[in-house]
Q: 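Handing you this structure, nothing more for now.
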Amino acid sequence: MNPADLSASLLAVVSGILARRGSTEKITINDVALERPRSREHGDWASNIAMKLAKPLGANPRELADEIAVDLATVDGVARVDVAGPGFINITLDAAAAGALAKVIVEQDADYGRGDLYAGVTMDLEFVSANPTGPLHIGGVRWAAVGDSLARIFQFEGGIVTREYYFNDHGAQIDRFARTLLANWAGEPTPEDGYGGDYIEDIVARVVEAYPGELEDIPTREEIQEVFRAVGVEFMFGDIKKSLQDFGVNFDVFFHENDVHESGAVEHAIDRLRELGAIYEKDGAVWFRSTDYGDDKDRVVIKSDGEYGYMSGDLAYYLNKRERGFERNLIMLGADHHGYVKRLMAMTAAFGDKPYYNLEILIGQLVNLLSNGVAQRMSKRAGTVVVLEDLVDAVGVDAGRYALVRSSIDSQIDIDLDLWSRKTSDNPVFYVQYAHARTRAVARNAEASGVDRAAFDASLLTHESESSLLGILAEFPRVVRQAAELREPHRIARYAEELAGAYHRWYDNCRVTPLGEEPITDLHRTRLWLNDAAGVVLRNALGLLGVSAPDRM
RNA sequence: GCGCCCGUAGCUCAGCGGAUAGAGCAAUUGACUACGGAUCAAUAGGCCGGGGGUUCAAAUCCCUCCGGGCGCACCA
């Protein structure tokens, strides 16, 4: 008996009552969704359907609840149904019905929790996309952790997911980067709009090293700068890729902005908008009439000097993604880019697509760094950069990823570097990982003392901590689905913590291996199933976060 | 001025229409001759930023004010 079965039973019961009352009120499976009560004394599952239906039926919610309760109590596997408060229906399953789940989970193993929310849907997730003008700073790292986790969640829900990095190797930022390298090489001061930071010197040295001849022999300054641009960007790009790989984030596509310009895709996109009547000319420039689609102001696509405006690249890139066949396109951006949302949605609508469906922009708040309790301002140009490697060096990949993915992206998060670099375990990731390691230790001990999974009798799982653990295990598929729908991976992390807590409590109360000379019984064997089920779900949850589930710590 | 996000326990943050608002850390107390004590049990700590409104029911939805962060170029 899982929540879906129970919902179906409840639906049948309520439909029967509606028919009996001669009501034309229509209800669906969504109306009878069960929730897990906060307090254990309210049973395993609760429904508020009676309160929802009371008004349209003109009925007293408590009486209606009583009526539902009587019928529901006859359902197989339901031990007790109580009506409480203003009309809550609290359902308690019998131990056998609730406990059967443990075996199901162990048998489904890595597939437990998998859903079909996005079955067969092509999805492109674009994230990080930092300019190759420096190492990955901490802000970009948040999206690496969150974006990769989201991709895993979508895949778990059946989505056909592409992880994509938009590599901006075209614009003025790259020119600034090249000029900075050139100036450093020539022993000149860093240009006013250039980049600071120790890595500049390093890159310069590597470019000099990599260049087959002598840079001094190149006749013009422009040509030398071009060498620094091409080779320097390549190095930077390689460094970023490697950092991400080491962080467990692997992109399927690295898309170069240059391609979009060189392939004629920009003209193609503008032509397309022109056909659709969304393009006009004014003051010698070419404009996209984005205000027709909800934007605050129209946007320049070709400047009066003939150069392409910034947005032209976005137009071409989006169209390119659609032409590559992606139904859903998600872009993750930092809060400093939230102003883009309207114009990108206007673009989506102008192309005849559905805003917030074919294109979604996820805006995440910035990460603050605290050092000695003082916020550090990050600036690439000033060189006060905290990069991915700093975080990994301080706390490791697992803790780093977990910490970044544990909070809602709507919240700014503070990362106290002093605290984190202490490597103490005041980070919940250890709590969760330890719970998993413990499930493995218990399984090892069970094997050593002769407890196996030859028997399974769910009716023996009667301890309070067992029904509590089972209730949480049952929720995993719903949590995954919700995390996918809301694009909120942090829900998985919070769930994992709750599960770890329930597991530790169960461990404290219920032994899998017998003590001393006690004989091995079916209770021990059945508990081994439950133990392993908890291990499976902890492992699956951590897997969705890109965090390892160690067997030993 | 306009726009987006946030204001919940000492700290970092969950909860986003339901029943007594939660977790981790920090504090106090207790449990190791019991499957790893990296654990567990207990105590203490909240006008859920302020004020209106909608609802049977609001931390959650709407309005407004206050406070904080980030944006509003023919820059990228």
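None of these values were measured; they are calculated from a predicted model. Note on naming: letters A, B, ... go to the chains in the order of the sequence lines (proteins, then strands), and numbering restarts at 1 for each one.
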Q: Under 4.0 Å between any heavy atoms, over every strand shown, what does A/I363 touch: base, sugar-phosphate, or nothing? Just pick one.
A: nothing
Q: Counting heavy atoms from C-beta on, name the nucleotide in B/rG15, B/rU12, B/rG36 closest to the side chain of A/R552.
A: B/rG36
Q: A/F88 has a side chain; which of B/rC6, B/rA19, B/rA38 sits nearest to it?
A: B/rA19
Q: Does the A/Y165 side chain pair with the main chain of A/A130, one donor and one acceptor, at a distance under 3.5 Å?
A: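 A pair under 3.5 Å: yes.
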Q: So, under a plain 3.5 Å distance rule, would you say the side chain of A/Y340 forms a donor-acceptor pair with the base of B/rA76?
A: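 Under the 3.5 Å cut-off, the side chain and the base do form a donor-acceptor pair.
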Q: Could you please name the option among B/rG37, B/rA23, B/rC56 that lies closest to any side-chain atom of A/K55?
A: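 Within the option list, the nearest is B/rC56.
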Q: Reckon A/Y431 has a side-chain N or O less than 4.0 Å from the OP1 or OP2 of B/rC40?
A: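 Answer yes for this pair, as a side-chain N or O of A/Y431 is under 4.0 Å from OP1 or OP2.
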Q: With heavy atoms under 4.0 Å as the rule, sort A/A443 into base, sugar-phosphate or nothing.
A: nothing
Q: A/S411 near the nucleic acid: base, sugar-phosphate alone, or nothing, with a heavy-atom cut-off under 4.0 Å?
A: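 Result for A/S411 = sugar-phosphate.
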Q: Under 4.0 angstrom, heavy atoms only, what part of the nucleic acid is A/D283 near: base, sugar-phosphate, or nothing?
A: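 Base contact.
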Q: Tell me whether A/R438 forms a cation-pi arrangement with A/Y507, defined as NZ or CZ under 6.0 Å from the six-membered ring centre and within 45 degrees of its axis.
A: yes
Q: How is A/K342 classified with respect to the nucleic acid when contacts are heavy atoms under 4.0 Å: base, sugar-phosphate, or nothing?
A: nothing
Q: Between B/rC40, B/rG15, B/rC74, which one does the side chain of A/A285 approach most closely?
A: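 The nucleotide sitting nearest to the side chain is B/rC74.
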Q: Remember a base hit wins even if backbone is also touched, and classify A/P37 as base, sugar-phosphate or nothing at under 4.0 Å, heavy atoms.
A: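 Base contact - A/P37 has a heavy atom under 4.0 Å of at least one base atom.
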Q: Please state the C1' separation for the pair B/rC65 and B/rG30 - nearest whole angstrom.
A: 48 Å
Q: Select base, sugar-phosphate, or nothing to describe what A/S449 touches, counting heavy atoms under 4.0 Å on all strands.
A: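 No contact at all - A/S449 keeps every heavy atom at 4.0 Å or more from the nucleic acid.
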Q: List for me each residue that meets salt bridge (Lys or Arg N to Asp or Glu O under 4.0 Å) alongside A/D298, sequence neighbours excluded, and say none if there are none.
A: none
Q: Looking at every heavy atom in both A/Y503 and A/V442, which two are closest together, and how far apart are they?
A: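 Residues A/Y503 and A/V442, closest heavy atoms: OH-CG2, 3.6 Å.
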Q: Roughly how many Å apart are B/rA14 and B/rC72, using the P atom of each and rounding to a whole number?
A: 26 Å
Q: Tell me what A/R299 touches on the nucleic acid: a base, only sugar-phosphate, or nothing, going by heavy atoms under 4.0 Å.
A: nothing
Q: Quick check for you: among B/rA76, B/rA34, B/rA23, whose closest atom lies nearest to any side-chain atom of A/R494?
A: B/rA23
Q: Hey, which sits more toward the 5' end of RNA chain B by its nearest nucleotide, A/I413 or A/R511?
A: A/I413
Q: How far does the C1' atom of B/rA27 sit from the matching atom of B/rU64, given to the nearest Å?
A: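 Their C1' atoms lie roughly 39 Å apart.
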Q: Could you work out the separation of B/rU60 and B/rC16 based on their P atoms and round it to a whole Å?
A: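 After rounding to an integer number of Å, I get 13 Å for this pair.
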Q: Of all residues at least two apart in sequence or in a different chain, which pass the side chain to side chain contact (heavy atoms under 4.5 Å, CB included) check with A/R80?
A: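 So A/R80 forms a side chain to side chain contact (heavy atoms under 4.5 Å, CB included) with A/D82, A/T92.
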Q: Give the rounded distance in Å between these two atoms: CD1 of A/I472 and P of B/rG22.
A: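 Distance, rounded to whole Å: 15 Å.
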Q: In whole angstrom, what separates A/D295's CG from B/rG71's P?
A: 18 Å
Q: Rounding to the closest angstrom, what is the interatomic distance between B/rU54 and B/rC63 at atom C1'?
A: 11 Å
Q: Quick one: A/E497 CD to B/rU39 P, roughly how many Å, whole number?
A: 12 Å
Q: Counting just side-chain N and O atoms, does A/R343 come under 4.0 Å of either OP1 or OP2 of B/rC4?
A: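 Result: no.
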Q: Aromatic rings A/W529 and A/F456: how do their planes relate, parallel, tilted or perpendicular, breaks at 30° and 60°?
A: perpendicular
Q: Indicate whether A/H337 forms a stack on B/rG71; treat it as stacked only if centroid distance is below 5.5 angstrom and interplanar angle below 30 degrees.
A: no
Q: Rounding to an integer number of angstrom, what distance separates B/rC48 and B/rG67 when you compare their C1' atoms?
A: 16 Å
Q: Just how far, in rounded Å, is P of B/rA73 from CE of A/M311?
A: 14 Å
Q: Return the minimal non-hydrogen interatomic distance between A/L530 and A/L461, and the atom names on each side.
A: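 The answer is CD2-CD2, 4.3 Å.
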Q: Taking only the side-chain nitrogens and oxygens of A/K52, find out if one of them lies under 4.0 Å from OP1 or OP2 of B/rU55.
A: no
Q: Which heavy-atom pair separates A/L10 from A/I68 by the least distance, and what is that distance?
A: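 Closest pair (atom of A/L10, atom of A/I68, distance): CD1-CG2, 3.8 Å.
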Q: Where the side chain of A/D336 is defined as all heavy atoms beyond and including C-beta, which of B/rG37, B/rU12, B/rG71 is the nearest nucleotide?
A: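 Nearest listed nucleotide: B/rG71.
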Q: Report the distance from atom OH of A/Y308 to atom C1' of B/rA73, rounded to the nearest whole Å.
A: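 Those two atoms, OH and C1', are 20 Å apart.
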Q: Identify whether any heavy atom of A/A84 sits under 4.0 Å from a base atom; if not, whether one sits that close to sugar-phosphate; answer base, sugar-phosphate or nothing.
A: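 The answer is base, as A/A84 lies within the cut-off (heavy atoms under 4.0 Å) of a base atom.
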Q: A/L469 has an atom CG; how far is it from atom P of B/rC40, in whole Å?
A: 13 Å
Q: Is there a side-chain contact between A/T133 and A/N168 in this structure, where contact means two heavy atoms from C-beta onward sitting under 4.5 Å apart?
A: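 No, every pair of side-chain atoms sits at 4.5 Å or beyond.
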Q: Within the 4.0 Å heavy-atom criterion, would you say A/H170 contacts the bases, only the backbone, or no part of the nucleic acid?
A: nothing
Q: Name the closest nucleotide to the A/S408 side chain, picking from B/rA14, B/rG69, B/rG36.
A: B/rA14
Q: Would you mind classifying the nucleic acid contact of A/N48 as base, sugar-phosphate or nothing, using non-hydrogen atoms under 4.0 angstrom?
A: base
Q: Hey, which of these two, A/A441 or A/K297, hits RNA chain B nearer its 5' end, going by closest nucleotide?
A: A/A441
Q: Can you tell me, in whole Å, how much space there is between the P of B/rC6 and that of B/rA73?
A: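 Here B/rC6 and B/rA73 have their P atoms 24 Å from each other.
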Q: Between B/rC40, B/rC74, B/rG24, spot the one nearest the side chain of A/P428, thanks.
A: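 The answer is B/rG24.
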Q: Counting side-chain heavy atoms from C-beta on, which of B/rG37, B/rA19, B/rC74 comes nearest to A/Y434?
A: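 Closest of the options to the side chain of A/Y434: B/rG37.
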Q: Would you call the rings of A/H337 and A/Y340 parallel, tilted or perpendicular, taking 30° and 60° as the class edges?
A: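 Perpendicular: the ring planes of A/H337 and A/Y340 meet at over 60°.
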Q: Before we go on, tell me: are the rings of A/F237 and A/H256 under 6.0 Å apart, centre to centre?
A: yes
Q: Round to a whole Å and report the spacing from CG of A/D508 to C1' of B/rC32.
A: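 A/D508 atom CG is separated from B/rC32 atom C1' by 11 Å.
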Q: For A/I492 and B/rC13, give me the distance from atom CD1 to atom P, rounded to whole Å.
A: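 Value for this atom pair: 21 Å.
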Q: Taking any heavy-atom pair under 4.0 Å as a contact, classify A/R62: base, sugar-phosphate, or nothing.
A: nothing
Q: Taking only the C1' atom of each, what is the distance from B/rG46 to B/rG15 in whole angstrom?
A: 14 Å
Q: Of all the choices, B/rC5, B/rG15, B/rG36, which nucleotide is nearest to the side chain of A/D410 once you look at every atom?
A: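 Comparing B/rC5, B/rG15, B/rG36 against the side chain of A/D410, the answer is B/rC5.
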Q: Across the strands shown, which category fits A/N90 at heavy-atom distances under 4.0 angstrom: base, sugar-phosphate, nothing?
A: base
Q: When you look at CD of A/E447, are more than 12 heavy atoms from neighbouring residues, nucleotides or ligands closer to it than 6.0 Å?
A: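 It does not: A/E447 CD has 12 such atoms or fewer within range.
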Q: Using Watson-Crick and G-U wobble pairs whose two distances are both under 3.5 Å, how do you write the pairing of RNA chain B as dot-bracket, with | for links to another strand?
A: (((((((..((((....[...)))).(((((.......))))).....(((((..]....))))))))))))....
